[in-house]
2 protein chains.
Amino acid sequence: MNYPTPADDGAKDDGAAPASTLGPPADGRATRWASHREERRSELIRAARRAVHRLGPDVPMEDIASAASTSKSVFYRYFRDKAGLAAAMGELVLAQMQERIAEAAAAAPSPYDGLRSMVHAYLAMAARSPNVYEFVTRGPGGAAADPAGGSVAGAAFGSFFDAVGAMIESPMRRHLDPGSQATLDYWPCAAIGLVRSAGERWLTTPPSPDKPSLDDMASLIADWLYGGIAAQAGLAVVRAPLPAAKEHP
Amino acid sequence: MNYPTPADDGAKDDGAAPASTLGPPADGRATRWASHREERRSELIRAARRAVHRLGPDVPMEDIASAASTSKSVFYRYFRDKAGLAAAMGELVLAQMQERIAEAAAAAPSPYDGLRSMVHAYLAMAARSPNVYEFVTRGPGGAAADPAGGSVAGAAFGSFFDAVGAMIESPMRRHLDPGSQATLDYWPCAAIGLVRSAGERWLTTPPSPDKPSLDDMASLIADWLYGGIAAQAGLAVVRAPLPAAKEHP
DNA sequence: CAAGCGTACCTGATACGCTGGGTATCGTGA
DNA sequence: TCACGATACCCAGCGTATCAGGTACGCTTG
């Protein structure tokens with residue numbers, strides 16, 4: 001017997017709309033659980049995040065469940081599958097990331113500085129828990145988080161990188177004339193790829209005196225990115241002289 | 001009972017050295033198979049490539065084997081595991097790619113054109129068989145082809161992207177002063193990530209009038225890459241006029 | 001109005017099916 | 001004797017099914 005709300009792992013439903021615009025019944029027995037479910041769901045996500053952080057990105061569902069001191073069945077009632085859990089976790093991580101970026105962006109007037117702080121936030125997130133980062137990005141099955149927007153069978157799982165891409169795209173629109181549509185379509189994705197690839201290599205580089213710091217790495221990457229796009233955006237390639245000093249007059 | 005040559009899937013051994021530098025006996029019964037093995041091995045790789053091309057990147061080993069009209073055990077004698085097969089296949093694909101690049105690079109004097117032809121070759125390879133591309137890059141398990149050079153437990157499987165990275169790095173050395181070590185270390189990897197990400201998105205974009213052609217895409221990507229690195233390399237951003245005559249003089 | 005029964009839903013546990021990677025065993029041919 | 005190649009097998013891990021509790025809600029009944 002399936003539960004009436006199988007596992008709506010899109011989490012698209014808003015927070016607190018108990019029961020007023022509903023048609024006929026509004027049965028209290030049914031609505032009673034709405035808030036509970038939501039709370040439990042995020043609790044499960046947090047527990048899973050901890051488990052992945054400690055046990056690695058390949059931890060089986062059963063171990064995740066027992067780390068949350070419950071059993072698989074609960075997780076499979078709240079998330080369609082392991083990829084669904086990963087996606088939900090990605091949203092959480094990304095939301096935290098967005099907070100940090102919003103702070104940083106407020107203090108960074110130029111587009112270049114905005115870009116750099118985004119890269120910085122991304123790198124910092126990944127470095128804080130590589131296991132969680134890997135679980136969220138590469139997905140459990142390996143096919144979850146492809147950089148391509150749409151799966152063949154319009155399954156539309158808004159995965160981690162799609163969200164990041166959207167985050168990049170909107171500020172870009174203001175600096176790029178609408179003629180270059182292809183750039184607008186492909187650059188965010190390309191930029192993510194660059195950051196991801198360089199970032200992951202940086203992450204797995206063993207610490208050594210030669211290894212760049214997080215700040216250095218963020219600047220390096222932002223330079224590459226910015227140099228590549230600035231010409232098309234018609235922006236002067238004036239960069240702030242790097243973290244230590246402030247920007248040009 | 002293990003075979004004396006379990007499955008040396010590194011394929012680091014050179015092409016045609018049958019048996020001469022071996023130590024004591026050079027038993028005819030033992031050496032008889034050397035050339036056979038080698039031949040069979042590449043035959044298996046080609047068959048697997050065909051199978052993956054037709055059946056998709058998630059095809060099970062058993063189906064690969066039967067598509068090669070043999071059985072799993074043969075593959076597992078020639079390759080340590082599925083990832084080993086993928087790596088071997090990657091080497092083959094990459095070797096073919098390198099040929100095409102060598103041709104193109106010969107006709108392209110400027111660094112920019114060299115870069116663009118590399119991107120073009122990469123994209124063309126991916127577009128020719130997306131299934132094979134995916135199998136080779138993302139690897140079967142999902143963890144095989146990470147952009148990071150070394151695994152934690154120095155397993156050193158020289159995977160696809162490592163080889164591509166090396167291919168980029170050597171020409172770069174000539175244009176970049178040795179002061180910027182970090183750039184030399186991380187840029188090839190970063191560039192691959194950009195190409196990969198944008199390329200994969202382009203690959204999976206359904207054909208439409210707005211979709212850029214392969215040539216356009218290669219130019220677009222090369223521009224981004226080149227703009228990002230040219231400043232550090234101290235190169236003028238002079239580009240060859242491009243096939244289809246793009247904008248920005 | 002309150003006691004009581006049925007209802008709707010959640011929980012956590014165990015057990016199962018199934019896919020697919022990798023291995024061991026065996027007969028066969030040069 | 002050696003490698004070959006097919007079959008049968010083991011096992012991890014995802015996802016599903018089933019079941020016995022447990023708790024708040026709501027409808028009935030006295």
Side-chain angles (χ1 to χ4, degrees), chain A residues 1-9 18-19 24-41 43-44 47-48 55-86 135 139-144, chain B residues 1-7 9 19 25-41 43-44 47-48 55-66 68-86 135 139-144:
Chain A
M1 200 66 75
N2 272 339
Y3 286 69
T5 308
D8 167 21
D9 64 359
D27 190 338
R29 262 121 86 221
T31 59
R32 173 165 78 102
W33 300 99
S35 68
H36 166 67
R37 278 185 68 89
E38 208 147 332
E39 186 178 327
R40 187 83 211 272
R41 180 187 164 90
E43 179 187 325
L44 289 177
L55 271 28
D58 290 326
V59 56
M61 267 318 237
E62 198 152 347
D63 294 11
I64 293 180
S66 62
S69 46
T70 179
S71 56
K72 273 200 300 180
S73 52
V74 176
F75 272 90
Y76 278 102
R77 204 168 302 130
Y78 279 89
F79 308 96
R80 191 199 333 273
D81 53 14
K82 210 176 182 181
L85 171 61
F135 184 77
Chain B
M1 207 60 73
N2 273 338
Y3 285 72
T5 308
D9 64 359
D27 188 340
R29 297 202 293 278
T31 58
R32 178 163 67 114
W33 300 97
S35 67
H36 167 65
R37 276 185 69 86
E38 207 148 330
E39 186 178 327
R40 188 81 214 275
R41 181 188 162 91
E43 179 187 327
L44 288 177
L55 273 26
D58 290 326
V59 56
M61 270 312 241
E62 200 151 346
D63 294 12
I64 293 181
S66 62
S69 45
T70 180
S71 57
K72 274 200 300 181
S73 55
V74 177
F75 273 90
Y76 278 102
R77 195 165 309 134
Y78 280 88
F79 308 97
R80 187 195 337 269
D81 53 14
K82 208 176 182 182
L85 172 61
F135 184 77

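Below, each value reflects all heavy atoms present in this structure, side chains not excepted, and no hydrogens, waters or symmetry copies. Numbered from 1 within each chain, the chains take letters A, B, ... in sequence-line order.
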Item checked: Distance-minimising heavy-atom pair for B:Ser71 and B:Ala65 -> C-CB, 3.4 Å
Check: Would you say C:dA24 has OP1 or OP2 under 4.0 Å from some side-chain N or O of B:Ser73?
Finding: no
Item checked: Whole-Å gap separating P (D:dA6) and CZ (B:Phe75) -> 11 Å
Next item on the list: Compare side-chain N and O positions of A:Arg40 against OP1 and OP2 of C:dT11 and report whether any pair is under 4.0 Å apart.
Entry: yes
Next item on the list: Check every atom of D:dT7, D:dC14, C:dT14 against the side chain of A:Ser71 and return the nucleotide holding the closest atom.
Entry: C:dT14
Note to self: If I take atom CD in residue A:Glu62 and atom P in nucleotide D:dC14, what distance separates them, rounded to the nearest angstrom?
What the structure shows: 9 Å
Next item on the list: Between C:dC10, C:dG22, D:dC14, spot the one nearest the side chain of A:His36, thanks.
Entry: C:dC10
Checklist line | Nearest non-hydrogen partners of B:Asp81 and B:Tyr76, listed with the distance | finding: CA-CE2, 3.9 Å
Checklist line | Atom-pair distance (NZ on B:Lys82; P on C:dG20), nearest Å | finding: 8 Å
Next item on the list: Search all heavy atoms of A:Val59 against all heavy atoms of A:Lys82 and return the closest pair with its distance.
Entry: O-NZ, 2.9 Å
Note to self: Measure CG/A:Leu85 against C1'/D:dG15 and give the value in whole Å, please.
What the structure shows: 14 Å
Notebook entry, point to check: What's the CE-C1' distance between B:Met61 and C:dG21, to the nearest Å?
Noted result: 8 Å
Check: For atom CD of A:Glu62, is the number of surrounding heavy atoms from other residues, nucleotides or ligands below 6.0 Å larger than 12?
Finding: no
Note to self: By nearest atom, which of the nucleotides C:dT23, C:dG12, D:dG15 is closest to the B:Lys72 side chain?
What the structure shows: C:dT23
Next item on the list: Nearest whole angstrom, please: distance from the C1' of C:dT19 to the CG of B:Asp58.
Entry: 12 Å
Note to self: Rounded to whole Å, please give me the gap between CZ in B:Arg77 and P in D:dA3.
What the structure shows: 9 Å
Next item on the list: Ignoring the backbone of B:Pro60, work out which of C:dG21, C:dG12, C:dA24 is nearest its side chain.
Entry: C:dG21
Next item on the list: Starting at atom OH of A:Tyr78, determine the distance to atom C1' of C:dC9, rounded to an integer number of angstrom.
Entry: 10 Å
Checklist line | Heavy-atom pair with the smallest gap, counting every atom of A:Tyr78 and A:Arg37 | finding: CE2-O, 3.5 Å
